[in-house]
> 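Mind having a look at this structure? Questions to follow.
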Amino acid sequence: KARVLSGIQPTADSFHLGNYLGAVRQWVDLQDEHEAFYFIADLHAITVEQDAKLLRKRTRVSVAQLLALGLDPERATVFVQSQVPEHAELGWVLQCITGFGEAGRMTQFKDKSAKQEMVSVGLFTYPILQAADILLYRPQYVPVGEDQRQHLELTRDLAQRFNSRFGKTFQPPEPFILKGTAKIFDLQEPGAKMSKSASTPSGIIELLDDPKVSAKKIRSAVTDTGREVVYDPEGKPGVSNLLTIYSALTGRTVDDLQAAFEGKGYGDLKKELGEVVSDFASPVRARVQAYLDDPAELDKVLARGAERAREVAAGTLDRVYDRVGFLRRK
Ligand code: TYM
């Protein structure tokens, strides 16, 4: 079985639809035919300031969401990054083969650091830790949204560099990015991606929002001039984004939706989409709550996940330390 790996940060009270459609949905699909590793990237979360209590809570809610969205801990290894120390350890080795200028070219760092008062060194080296996350497990595919593409390229570069310096150790992984949903846009700013750190909460649909709140956000989504419901990402980015979400959540094609909305207006589209989102999210919310009500079960899933992850991660790190020339404990 080919191996897949991916991660998500616990930096918000809820995942948003971009996280789900861009990434987590593929994680669920891939767990059947692949050996899958999925984790909550709490080490990444602290690259910007976090409140300890809130981070702990959000980490649990994140795990609960992954399970509620369909990850099956029997089939997929689900774990918390900080419980597998090899991530930080390999991260250090990779930092030492990354050029300063190379790290400085990461566009997500430029965007994120512009929003911070204090820019930590950790935020700067973040993509290198991400490369370590990936390479530890030697996956073939990494299912992510479009915004992670550059980090995947760095990961491939570092894998090749390590191999050529120290002998073949890593296999450069392929990004697994689904075209249709690789970038879900902000409802208020259809030119920008839907993001946990969006300028206004009204632009993002959170899975754990009250469905009434989501419906209202959708009703007030920025749409475009004209009145026909047509898919035209250049000319009608707002409407096209709503169609993308509708199509992804229902499995109906965009063509089919365009035909169904012929003669109707944006208001009809928004109203229906509010219902579609509610139908999708309501059972997810209920399942999340059930997982949160049983913290012992959640802890058990994570303990097993960390153990399975460490078996793989420790093997890779051991080989890396040996190749680098570290004296191994006998
Ligand atoms: P994060 O937590 O920002 O996002 C989690 C996943 O959701 C995707 N995503 C989107 N997809 C489509 N449209 C959007 N608007 C949208 N917003 C977010 C992201 O592309 C991502 O796949 N650095 C990563 C976490 C990470 C990681 C890793 C991922 C750490 N180590 C190793 C893969 C492999 C991040 O911050 O994702």
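Numbers here simply count residues along the sequence, with the first being 1.
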> Might you work through the side-chain contact (heavy atoms from CB on, under 4.5 Å) test for Gln116 and Lys112, ending with a clear yes or no?
CA-CA 7 Å; Gln116 298 298 318; Lys112 283 196 181 176; 5.6 Å; no
> Going by the rule salt bridge (charged side-chain N to carboxylate O under 4.0 Å, His left out), which residues pair with Glu174 if we only count those two or more places apart in sequence or in a different chain?
Arg156
> Just to verify, what does Asp72 make a salt bridge (charged side-chain N to carboxylate O under 4.0 Å, His left out) with, not counting sequence neighbours?
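Asp72: salt bridge (charged side-chain N to carboxylate O under 4.0 Å, His left out) contacts with Arg75.
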> Which residue pairs satisfy the ring pair (Phe, Tyr, Trp, His ring centres under 6.0 Å) criterion with at least one member in residues 44-73, sequence neighbours excluded?
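Found His44-Tyr126.
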> Could you walk me through whether Arg60 and Val63 pass the side-chain contact (heavy atoms from CB on, under 4.5 Å) check?
CA-CA 5 Å; Arg60 298 190 85 88; Val63 179; 5.8 Å; no
> Filter on side chain to side chain donor-acceptor pair (under 3.5 Å), then keep only pairs touching residues 46-58, sequence neighbours left out; what's left?
Asp13-Arg58
> Keeping the roles fixed (side chain from Gln188, backbone from Ser220), state whether a donor-acceptor pair exists under 3.5 Å.
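Looks like yes, one N/O pair under 3.5 Å.
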> Tell me whether the count of non-hydrogen atoms from other residues, nucleotides or ligands lying under 6.0 Å of CG in Leu55 goes above 12.
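More than 12 within 6.0 Å, yes.
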> State whether the number of non-hydrogen atoms from other residues, nucleotides or ligands found under 6.0 Å of Lys115 atom NZ is greater than 12.
yes
> Assess whether a salt bridge exists between Glu311 and Arg308, defined as any Lys/Arg side-chain N lying under 4.0 Å from an Asp/Glu carboxylate O.
no
> Please determine whether side-chain contact (heavy atoms from CB on, under 4.5 Å) holds for the pair Gln258 and Val229, giving the CA-CA distance in whole Å, both sets of side-chain angles, and the decisive distance to 0.1 Å.
CA-CA 6 Å; Gln258 283 188 145; Val229 176; 5.6 Å; no
> For Arg319, does the CZ atom sit with more than 12 other heavy atoms under 6.0 Å from it, leaving out its own atoms?
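Above 12, so yes.
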> May I ask you to test the Phe15-Ile8 pair for a side-chain heavy-atom distance under 4.5 Å?
yes
> With a 4.5 Å heavy-atom cut-off, do Glu102 and Leu154 have their side chains touching?
yes
> Assert yes or no for the condition that the ring centre distance of Phe79 to His87 is strictly below 6.0 Å.
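Yes, the ring of Phe79 comes within the 6.0 Å limit of the ring of His87, centre to centre.
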> Counting C-beta onward and ignoring hydrogens, is there a side-chain heavy-atom pair between Pro127 and Gln108 closer than 4.5 Å?
no
> Are any side-chain N or O atoms of Ser240 and backbone N or O atoms of Asp232, one a donor and one an acceptor, separated by less than 3.5 Å?
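Yes, Ser240 side chain to Asp232 backbone: donor-acceptor pair under 3.5 Å.
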> Mind checking whether Leu17 and Met194 have side chains closer than 4.5 Å, heavy atoms only?
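When only atoms from C-beta onward are counted, Met194 and Leu17 do touch, with a gap below 4.5 Å.
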> What orientation do Phe37 and Tyr137 show, parallel under 30°, tilted 30 to 60°, or perpendicular over 60°?
tilted
> Tell me every residue that passes ring pair (Phe, Tyr, Trp, His ring centres under 6.0 Å) with Phe280, counting only those two or more places apart in sequence or in another chain.
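Tyr20.
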> Please report the C-alpha distance between Leu207 and His16 in whole Å, then the side-chain angles of each, then the deciding distance to 0.1 Å, and finally whether the side-chain contact (heavy atoms from CB on, under 4.5 Å) criterion is met.
CA-CA 6 Å; Leu207 292 183; His16 56 67; over 6 Å; no
> If you measure from CG on Leu249 to CD on Glu275, what distance do you get to the nearest 0.5 Å?
13.5 Å
> Can you name the salt bridge (charged side-chain N to carboxylate O under 4.0 Å, His left out) partners of Arg285, sequence neighbours left out?
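Expected list: none.
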